[in-house]
Amino acid sequence: MIRSELIRILNRSIEARYGAQAGAEFSVEEPGAGISADAATNLAFIISKKEKSKPADIAKLIQESVMDREVIDRLDISKNGFINIYLNDQFLFGLLSKILREDDALGKDPAKQTRRIMIEFVSANPTGPLHIGHGRGAALGNSLAHIYQQLGYSVTSEYYVNDAGVQMAMLRDSVAAQYQELAGQAAAVIPENGYRGAYITEIAKKMQSDQRLDFDVFPREELLNSIRQDLIQFGVPFDVWSYESDLYKQGKVEAAIAGLSERGRLLEKEGALWFSSDCMQTEDENMDKDRVLRKSNGNYTYFASDIAYHQDKFERGFERCIDIWGHDHHGYVPRVKGAVQSLGYSLDRLEIILYQLVSLKRGGERVAMSTRSGTFVTLKEILDEVGADACRFFFAMRSPSSPLDFDVDLAKKRSNENPVFYVQYVHARICSIFREAEKQKFMSSGETVSWQDQGLTLAPEERELLVKLGFFTDTLEACVRLVSPNLLATYLLDLANRFHKFYDRHRVLE
């Protein structure tokens, strides 16, 4: 709200002197610590580069040209040429009225409803329970979906199930070997790259108890049900569950391969069908090589079905597709982008976000984890121990590209050291105000909160709080630009800090 309004005013102020596009790249941000202004802009620097003038001189001209005093009280110029902006109190009162009036619709733009966004995330192979790394991807995807929806976009969240191929065969053989040992038929010989851990034994025991021998189906369905339940507990629902096997049944894999062949993107060699490396956009020599789509035995690779899946996304009419993957898939990015572009789709429509590992800490020590050996920490274990709220907030506090240390002891603390507690304590305090207001007959139960400007003045703590509220929708827009919810987590911590200061120094119910 504040950022977009100031950008509009500043653009209008410089247009006559410098032209409509003069400040196209400038920013309006919240000022750094120790600066008393409400906002700051680098507009003078942007124009000075084009005009070959000193930023301070340009800033002075901008200061003189801004006439909208209903929003801006004054502009100050810093020594280095930044322009510090002080807002009019009446504008802030207007923001408060807008916030109360729009409520849950705050920030929604009806024009965006036609823009269809698909976010695919988690998409873990049904070969084991979700671990905390998957939890980070789930929190990122679901939070982004909420942010897009709050701004008015039409959003679909999707889980892609790899239920065909080598990994599923490995799961089958791993459970079958454990089943044989439990039945006393033979010593368990887990495949070299097979899956281990207590969950494999539990699946085998359940199959024995139910007298089932469908090793191709039961383990997969059992693990998928476990994944669904964990995600429900985590507060992460999905609109669509897509299956790799359906792409084969519907002929979409063959159709995608045929499309690439028509465009001359495929090679035949060594009895196999390959995707040409000439289509991959990468400077990494290790990635610059042809990739198999169909093996010499006639079986398709995961890459082939992934190409078909991405084509299917665009054929369903999504304007933009966002994939959220673990960092270990970095080598896959140029391949998928190359294939998407080869099929005739613009790369502007595909965004691939890679998130870094999560390290778990207990008692100040890191916990060693390995998926295949079965020594990983499951998402459910952490959810049961610290709760979904703490998990989601901790996962959202860092940008996806930054490694994350999840301190279990900190997440369980009921003190202001814990960022989740610090933010949620604001909500608790606000609820206590409303309960007390009803008790003292200031308001009745369920009454709508309203606001009227009766010539009041703002105390410093009130003003700081209102200014922060005015950057809410701007923060959401920034999250969309960066494709990360971490800016919202940072925003909430600062908002909580300002509210606690206000609450400690001012009595609300008078």
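Computation of the quantities below employed the complete heavy-atom set of this structure, encompassing side-chain atoms and omitting hydrogens, waters and symmetry-equivalent molecules.
Ion pairing of Lys313 with Asp323 is present here, as a side-chain N (NZ or NE/NH1/NH2) and a carboxylate O approach within less than 4.0 Å. Electrostatic pairing of Asp504 and Arg429 counts as a salt bridge here, judged by a charged N lying under 4.0 Å from a carboxylate O. One finds no salt bridge joining Arg349 and Glu319 here, because no Lys/Arg side-chain nitrogen approaches an Asp/Glu carboxylate oxygen to under 4.0 Å. Glu351 has a carboxylate O that lies under 4.0 Å from a charged side-chain N of Arg320, or vice versa, which qualifies the two as a salt bridge. The pair Asp405-Arg366 meets the salt-bridge criterion, with a side-chain N (NZ, NE, NH1 or NH2) lying under 4.0 Å from an Asp/Glu carboxylate O. Electrostatic pairing of Arg505 and Glu461 counts as a salt bridge here, judged by a charged N lying under 4.0 Å from a carboxylate O. A salt bridge links Asp312 and Arg316; the closest N-O separation between the charged side-chain nitrogens and carboxylate oxygens is under 4.0 Å. The pair Glu30-Lys468 meets the salt-bridge criterion, since a charged nitrogen lies less than 4.0 angstrom from a carboxylate oxygen. With salt bridges taken as basic N to acidic carboxylate O contacts below 4.0 Å, none links Asp409 and Lys413.
Between the side chains of Ser399 and Asn486, no donor-acceptor pair of N or O atoms lies under 3.5 Å. Side-chain N/O atoms of Thr156 and Asp239 include no donor and acceptor closer than 3.5 Å. In summary, the side chains of Ser226 and Gln229 do not present any donor paired with an acceptor at a separation below 3.5 Å, with no hydrogens or angles considered. A donor-acceptor contact under 3.5 angstrom links the side chains of Ser242 and Glu158, judged on distance only. Under the 3.5 Å distance criterion, with hydrogens and angles disregarded, a donor-acceptor pair is assigned to the side chains of Tyr195 and Gln167. Side-chain polar atoms of Asp109 and Tyr153 form no donor-acceptor pair below 3.5 angstrom. When only modelled atom types and interatomic distance are considered, His310 and Asp306 share no side-chain donor-acceptor pair under 3.5 Å.
Within the 4.5 Å cutoff, no side-chain heavy atoms of Asn88 are placed close to those of Glu70. Looking only at side-chain heavy atoms (C-beta outward), Tyr302 and Tyr332 come within less than 4.5 Å of each other.
Both cation-pi conditions hold for Arg74 and Tyr86: the charged atom is under 6.0 angstrom from the six-membered ring centre and inside a 45 degree cone around its axis. Remark: Arg116 is positioned above the aromatic ring of Phe318, its terminal NZ or CZ atom under 6.0 angstrom from the ring centre and at most 45 degrees off the axis.
Listed by chain and number, the residues in a side chain to side chain contact (heavy atoms under 4.5 Å, CB included) with Ser78 are Asn80, Phe82, Asn84 (sequence neighbours excluded).
The only option from Phe238, Tyr159, Tyr355, Trp325 that meets the ring-ring contact (aromatic ring centres under 6.0 Å, His included) definition with Phe121 turns out to be Phe238.
In summary, the aromatic rings of Tyr309 and Tyr160 are positioned with their centroids under 6.0 Å apart. Residues His327 and His330 keep their aromatic ring centres 6.0 Å or farther apart.
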